[in-house]
Participant: 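Sharing a structure, written as structure tokens. Questions coming.
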2 protein chains.
Amino acid sequence: MSTSIANAPYHHGDLRNALLESALIILEREGEAGLGLRDVARAVGVSAAAPYRHFDGRGALLEALAVTGYQRFTRLMETIATDDTLDHMSAMGRTYVKFALDNPNLFRLMFSPALRRDNRPGLRMAADAAYRTLRHVTGEDVDTDRVAALAAWARVHGLAVLLLDGQIAIQAGEDIEALVAEIIDKH
Amino acid sequence: MSTSIANAPYHHGDLRNALLESALIILEREGEAGLGLRDVARAVGVSAAAPYRHFDGRGALLEALAVTGYQRFTRLMETIATDDTLDHMSAMGRTYVKFALDNPNLFRLMFSPALRRDNRPGLRMAADAAYRTLRHVTGEDVDTDRVAALAAWARVHGLAVLLLDGQIAIQAGEDIEALVAEIIDKH
DNA sequence: CGATGGATGTTGACATTGTTCACTTTGCTC
DNA sequence: GAGCAAAGTGAACAATGTCAACATCCATCG
């Protein structure tokens, strides 16, 4: 509706969001390295220089993507926090891993060192908000024991990363979610 | 020694290794994205096309770097395996994390999804050898319990990645190695 | 020996990318 | 309606990965 290829008006109207949507699709299909600024512009049907009216270069586009990723992640964690029928600690871990597996390249981008290299305050803030929610979800019982909290976080994050990179051998027909739950609930 | 800048001979003599050494230095200083094939050639004092006589493009150079990384990693683990005075499980974890912190960008490259994307048998073999050694070091007691083994690996790997990305807040003057040991030895 | 061929480097070119600049088009405000 | 800022265009630039054609060297064989 917003983008009719034929008879495209000079002004797009909502280019910034259109760029982000296309960029997210390309990111998940091609990976960060395959996400070219010109590709995004081409996908939206706009000139190569147009994105610069909305983003301060390629890095800023990536940052915006990562920020939306953190926001979606945070929202997921919040829904867990408000559900009292759950074991928060376990549900958090399973959702954490599921988010990574459902959005592999977005997840990788969120933790991309290239983005952290140049100081991007927006990213830092979105990430901090996510971690705050994380700590809130896992509750005070863990918050008081820093070592235990870090151990739990490391286990969940490591599991997500290893699964994402295909490092953990999955046997044919194996239920990954069940395996994840088993690992997370160990002890 | 081999490369005297002035009076450089037409044939380098050991260009392949010289390229790898320079590439490793640049990698650790600039990150994978900042590692340009032309930069490496320039650093060695050779033309931009010369590396193609020794590597099948940029990806192959990166693969060779990652392979040497896995080899060094494997050698580290083997020295632990032959030392009977150690708690293998704990020492493995601490060494794992230390390797990541000592060679951050090399470690990241070893687990880079971009490299795994195109099937690189050499990389796969080097990685498999490393994991075999890992399983050997941690001993049969864990090998029999797949879930426990994966949980331990995930915790160690996650800890490495989170530290690498600066996600774990380190208080001023804190002893990181001690914190790592504490987290790894938890339970 | 001396020529000769394969390995190793060089030069120059090409397509592509991120980015900038000058310009044009559009919609909104007095 | 005049004019101005926002939003988009097109041409250009430097840099990159890569390749093809040419140059140089080293080792081997008559």
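Note that the structure is a prediction, hence the values are computed from the model and not measured. Note on naming: letters A, B, ... go to the chains in the order of the sequence lines (proteins, then strands), and numbering restarts at 1 for each one.
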Participant: Let me have the donor-acceptor pairs involving side chains of residues 36-43 of chain B, under 3.5 Å, with sequence neighbours excluded, atom names and distances please.
Facilitator:
{"unit_1": "B/D39", "atom_1": "OD1", "unit_2": "B/R42", "atom_2": "NH1", "d": "3.0"}
{"unit_1": "B/D39", "atom_1": "OD2", "unit_2": "B/G36", "atom_2": "N", "d": "3.4"}

Participant: Which nucleotide sits closest to the side chain of A/R53: D/dC22, D/dT9, C/dT11?
Facilitator: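 Side chain of A/R53 sits closest to D/dT9.
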
Participant: For B/I25, give me all partners under side chain to side chain contact (heavy atoms under 4.5 Å, CB included), at least two apart in sequence or on another chain.
Facilitator: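 B/I25: side chain to side chain contact (heavy atoms under 4.5 Å, CB included) contacts with B/R29.
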
Participant: Which atom pairs, donor and acceptor, lie under 3.5 Å between side-chain atoms of residues 99-113 of chain A and protein residues at least two apart or in another chain?
Facilitator:
{"unit_1": "A/D102", "atom_1": "OD2", "unit_2": "A/K98", "atom_2": "NZ", "d": "2.8"}
{"unit_1": "A/N103", "atom_1": "OD1", "unit_2": "A/R72", "atom_2": "NH2", "d": "3.1"}
{"unit_1": "A/N103", "atom_1": "ND2", "unit_2": "A/F99", "atom_2": "O", "d": "3.0"}
{"unit_1": "A/N105", "atom_1": "OD1", "unit_2": "A/R108", "atom_2": "NE", "d": "3.3"}
{"unit_1": "A/N105", "atom_1": "OD1", "unit_2": "A/R108", "atom_2": "NH2", "d": "3.4"}
{"unit_1": "A/N105", "atom_1": "ND2", "unit_2": "A/L27", "atom_2": "O", "d": "3.0"}
{"unit_1": "A/N105", "atom_1": "ND2", "unit_2": "A/E28", "atom_2": "O", "d": "3.3"}
{"unit_1": "A/R108", "atom_1": "NH1", "unit_2": "A/D165", "atom_2": "OD1", "d": "3.0"}
{"unit_1": "A/S112", "atom_1": "OG", "unit_2": "A/A114", "atom_2": "N", "d": "3.2"}

Participant: List in chain and number order the residues that pass side chain to side chain donor-acceptor pair (under 3.5 Å) with B/Q167, two or more places apart in sequence or in another chain; answer none if no residue qualifies.
Facilitator: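 With neighbours one apart ignored, the set is A/Y131.
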
Participant: Mind calculating the distance between CG (A/L15) and P (D/dT9) to the nearest angstrom?
Facilitator: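 About 8 Å, once rounded to whole Å.
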
Participant: What salt bridge (charged side-chain N to carboxylate O under 4.0 Å, His left out) pairs are there with at least one residue in residues 168-180 of chain A, not counting sequence neighbours?
Facilitator: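 As it turns out, the salt bridge (charged side-chain N to carboxylate O under 4.0 Å, His left out) pairs with a partner in residues 168-180 of chain A, which skip direct neighbours, are A/E174-B/R146.
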
Participant: Report yes if at least one side-chain N or O of B/H54 is closer than 4.0 Å to OP1 or OP2 of C/dA7; otherwise report no.
Facilitator: no

Participant: What is the per-nucleotide protein-contact pattern of nucleotides 13-19 of chain D, from the 5' end, where B denotes a base atom under 4.0 Å from a protein heavy atom, S denotes such proximity for sugar-phosphate atoms only, and - denotes neither?
Facilitator: ---BBBB

